[in-house]
Every structure is written in C-alpha cells, then in structure tokens.
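Okay, so here's the structure we're looking at.
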Amino acid sequence: MKSIVIIVASLFPLISAFSLSPEIGSRREICKAIVSGGACVIAGFALPSLAEEDYITTDRGIKYKVVTPPTNPDSAPPVRGQTVKALYTLYLNGFPEDTAQAKKVDGSRGPFGEKPFEFPVGVSQVIAGWDLAILDMRVGESRKLVIPSDLGYGQFGAGRIPERATLYFKVELAEIGFLPKLTEDQEKWLVDNPL
C-alpha cells in the first residue's frame with residue numbers, strides 16, 4: 001500500500017508531517033481533517049485555498065463568491081441588451097489575498113479615481129464570462145469571479161493576458177441603465193445568438 005506524505009503549514013507556528021493511506025479520502029478531505037484555515041501542500045503541489053469552498057460554480061464553469069450583497073436583494077438583474085456600469089479589477093494567477101503570484105493587469109479603479117466600465121450586457125461586447133456573470137448580479141452587488149479561459153480570452157489571449165489564462169475578477173455592478181427598445185433585427189440577433 002502506497003502512502004502519501006502531507007506537509008501542513010497552518011496559521012500557527014506549527015508544521016507537521018503526516019503519512020496517510022490513500023484510502024482515507026481525497027486530498028482536500030485529508031487537509032480539512034488536519035488543518036482549518038491553513039495551507040496544504042501534497043507531494044510538492046499546493047492545493048487551492050480551503051476558502052475556495054465558499055465559491056459557487058455555475059453550469060458553465062464560472063466560480064463566484066458574493067463579497068457584498070446587492071443594495072436591494074429583490075431588485076431585478078439586467079437583461080440582455082441593457083446598458084450596465086461595472087467597477088472591476090482583473091488579476092492573473094489568483095487574487096492577491098490568496099497568493100503572492102497574483103498580478104493586476106487591468107481595472108476601472110486607479111490612482112486618479114474610478115471610472116465605471118459601461119457596456120450593453122449579454123450581446124458579446126465583452127468576454128462571455130462577464131456577460132454570464134453580470135446577467136446574474138444586482139445593483140450594489142460585488143463578487144469575486146474566477147472565469148475559465150474558454151469564457152475569457154481563450155487559446156489566443158489578448159494584450160497582457162496570455163493564452164489559456166484563467167481570469168480573476170473583483171466586480172461590482174454599479175448601475176443598470178434603462179432597457180432600450182430593441183429593433184426587430186436586434187431581437188432576432190438575441191434569439192440567434194444565445195449565451
């Protein structure tokens with residue numbers, strides 16, 4: 001029977017090594033049994049933070065965590081074609097509070113203030129991951145989003161974003177605009193081009 005050696009580093013100044021049988025359970029279950037809130041490294045590979053369990057995964061593979069609830073939880077989310085304004089920060093390699101490898105590559109907040117990004121949602125003017133996530137949010141809500149590359153910039157990347165990059169966004173839906181009267185051609189386009 002083969003053993004797995006687990007090295008655990010927690011928030012406490014205690015580092016322990018354990019030898020466990022693979023039949024005990026998954027790597028995550030083993031880590032959860034040993035340490036709560038710390039980091040776990042198995043055979044040289046770091047596991048994602050245990051806090052990742054707080055994320056919800058959509059059927060399209062976007063992971064999100066609500067950081068700030070909406071101003072009015074009963075308000076309606078935007079609909080396709082509606083203009084929205086969002087504040088955001090984009091990171092590569094993870095969020096800065098989770099890893100030292102996180103790298104900020106874009107954002108609407110800067111040293112001279114914040115400028116919300118305005119766009120019509122759900123009509124392919126932004127990456128698919130944004131369209132899908134924003135259509136599920138309400139005004140005032142902020143989320144941490146983990147968007148897989150196939151819903152981001154894909155196999156080619158764009159600018160400072162490398163190919164096949166997972167995107168880490170902090171997003172706040174700042175405003176939902178009026179719903180414009182769509183033309184017949186626009187209505188047809190929405191039907192012909194589902195998200």
Side-chain angles (χ1 to χ4, degrees), residues 26-28 46-99 101-108 116-177 179-180 182 186-195:
S26 72
R27 296 181 300 170
R28 183 164 310 286
L47 290 178
S49 165
L50 293 179
E52 186 173 306
E53 293 174 358
D54 295 337
Y55 284 78
I56 295 168
T57 303
T58 69
D59 59 349
R60 298 285 296 272
I62 297 170
K63 293 181 182 181
Y64 73 91
K65 177 180 181 177
V66 176
V67 177
T68 306
T71 308
N72 177 359
D74 296 325
S75 63
V79 297
R80 292 183 74 193
Q82 197 164 15
T83 299
V84 297
K85 290 183 181 179
L87 297 166
Y88 74 97
T89 307
L90 167 59
Y91 300 94
L92 296 176
N93 308 320
F95 294 106
E97 57 273 17
D98 298 333
T99 178
Q101 285 74 42
K103 178 182 173 188
K104 179 183 173 182
V105 293
D106 195 16
S108 61
F117 179 61
E118 185 174 350
F119 64 99
V121 69
V123 295
S124 302
Q125 297 295 307
V126 294
I127 60 172
W130 254 54
D131 272 340
L132 292 165
I134 297 291
L135 284 167
D136 188 48
M137 294 175 69
R138 287 158 177 76
V139 171
E141 183 176 355
S142 63
R143 291 183 180 184
K144 290 170 88 172
L145 304 174
V146 181
I147 298 178
S149 66
D150 63 316
L151 296 175
Y153 295 97
Q155 64 182 353
F156 301 109
R160 296 181 288 171
I161 300 165
E163 60 198 34
R164 295 178 181 82
T166 297
L167 307 174
Y168 297 82
F169 282 98
K170 291 182 180 180
V171 178
E172 177 187 341
L173 182 55
E175 185 179 315
I176 298 176
L179 182 62
L182 300 178
Q186 290 170 327
E187 292 280 0
K188 182 180 181 326
W189 186 91
L190 290 175
V191 171
D192 294 343
N193 295 278
L195 294 174

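In this chain, numbering begins with 1 at the start of the sequence shown. Just the heavy atoms: all of them, side chains too, but no hydrogens, waters or symmetry mates, feed the values below.
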Run the side-chain contact (heavy atoms from CB on, under 4.5 Å) test on Phe119 and Asp131 for me, step by step, so that the C-alpha distance in whole Å, both residues' side-chain angles and the decisive distance to 0.1 Å come before the verdict. CA-CA 10 Å; Phe119 64 99; Asp131 272 340; 4.2 Å; yes

Tell me, with the steps shown, if Val121 and Trp130 meet side-chain contact (heavy atoms from CB on, under 4.5 Å). CA-CA 8 Å; Val121 69; Trp130 254 54; over 6 Å; no

Closest heavy-atom pair, Val66 versus Arg143, reported as atoms and distance to 0.1 Å, is CG2-NE, 3.9 Å

Exercise: identify the closest heavy-atom pair between Val171 and Ala86: CG1-CB, 4.3 Å

All heavy atoms of Tyr55 vs all of Phe95, minimum pair found to be OH-CE1, 3.5 Å

Closer than 3.5 angstrom, by distance alone: can the side chain of Arg60 be matched with the main-chain N or O of Leu132 as a donor-acceptor pair? no

Indicate the atoms forming the closest heavy-atom contact of Gly94 with Ala102, along with that distance. O-CB, 3.1 Å

Sub-4.5 Å side-chain heavy-atom contact between Tyr91 and Lys170: yes

Would you say the side chain of Leu190 lies within less than 4.5 Å of the side chain of Val123, judging by non-hydrogen atoms? yes

Mind checking whether Asp136 and Thr58 have side chains closer than 4.5 Å, heavy atoms only? no

Pro162 side chain reached by Leu92 side chain, heavy atoms, under 4.5 Å: yes

CE (Met137) and OH (Tyr64) are apart, to the nearest 0.5 Å, by 10.0 Å

As an exercise, state the distance from OH of Tyr168 to OG1 of Thr89, rounded to the nearest 0.5 Å. 15.5 Å

Once rounded to the nearest 0.5 Å, what's the spacing between atom OG1 of Thr166 and atom CG of Leu145? 13.0 Å

State, yes or no, whether a side-chain contact exists between Leu167 and Tyr153 at a heavy-atom distance under 4.5 Å. yes

Start with the C-alpha gap between Glu163 and Phe156, add the side-chain angles, then the distance that decides, and say whether side-chain contact (heavy atoms from CB on, under 4.5 Å) holds. CA-CA 5 Å; Glu163 60 198 34; Phe156 301 109; 5.8 Å; no

What heavy-atom pair brings Pro120 and Gln125 nearest, and what distance separates the two atoms? CG-CG, 3.6 Å

Got more than 12 heavy atoms from elsewhere within 6.0 Å of NZ, Lys103? no

Nearest 0.5 Å, what's the NZ-CG distance between Lys188 and Leu182? 14.5 Å

Tested for side-chain contact (heavy atoms from CB on, under 4.5 Å) against Pro78, the lone hit among Leu179, Ile176, Thr83 is Ile176

Any side-chain heavy-atom pair from Ile134 and Val126 closer than 4.5 angstrom? no

Please examine the side chains of Asn72 and Arg138, heavy atoms only from C-beta on, and report whether any two atoms are closer than 4.5 Å. no

Looking only at heavy atoms, which two atoms of Arg80 and Gly122 are closest? And how far apart? NE-O, 2.7 Å

How far does CD of Gln155 sit from CG of Asp150, to the nearest 0.5 angstrom? 11.0 Å

Check: Gln82 side chain, Gly177 main-chain N or O, donor-acceptor pair, under 3.5 Å: yes

Is there a donor-acceptor contact under 3.5 Å from the side chain of Thr57 to the main chain of Lys63? no

Between Ser142 (side chain) and Thr68 (backbone), is there a donor-acceptor pair under 3.5 Å? yes

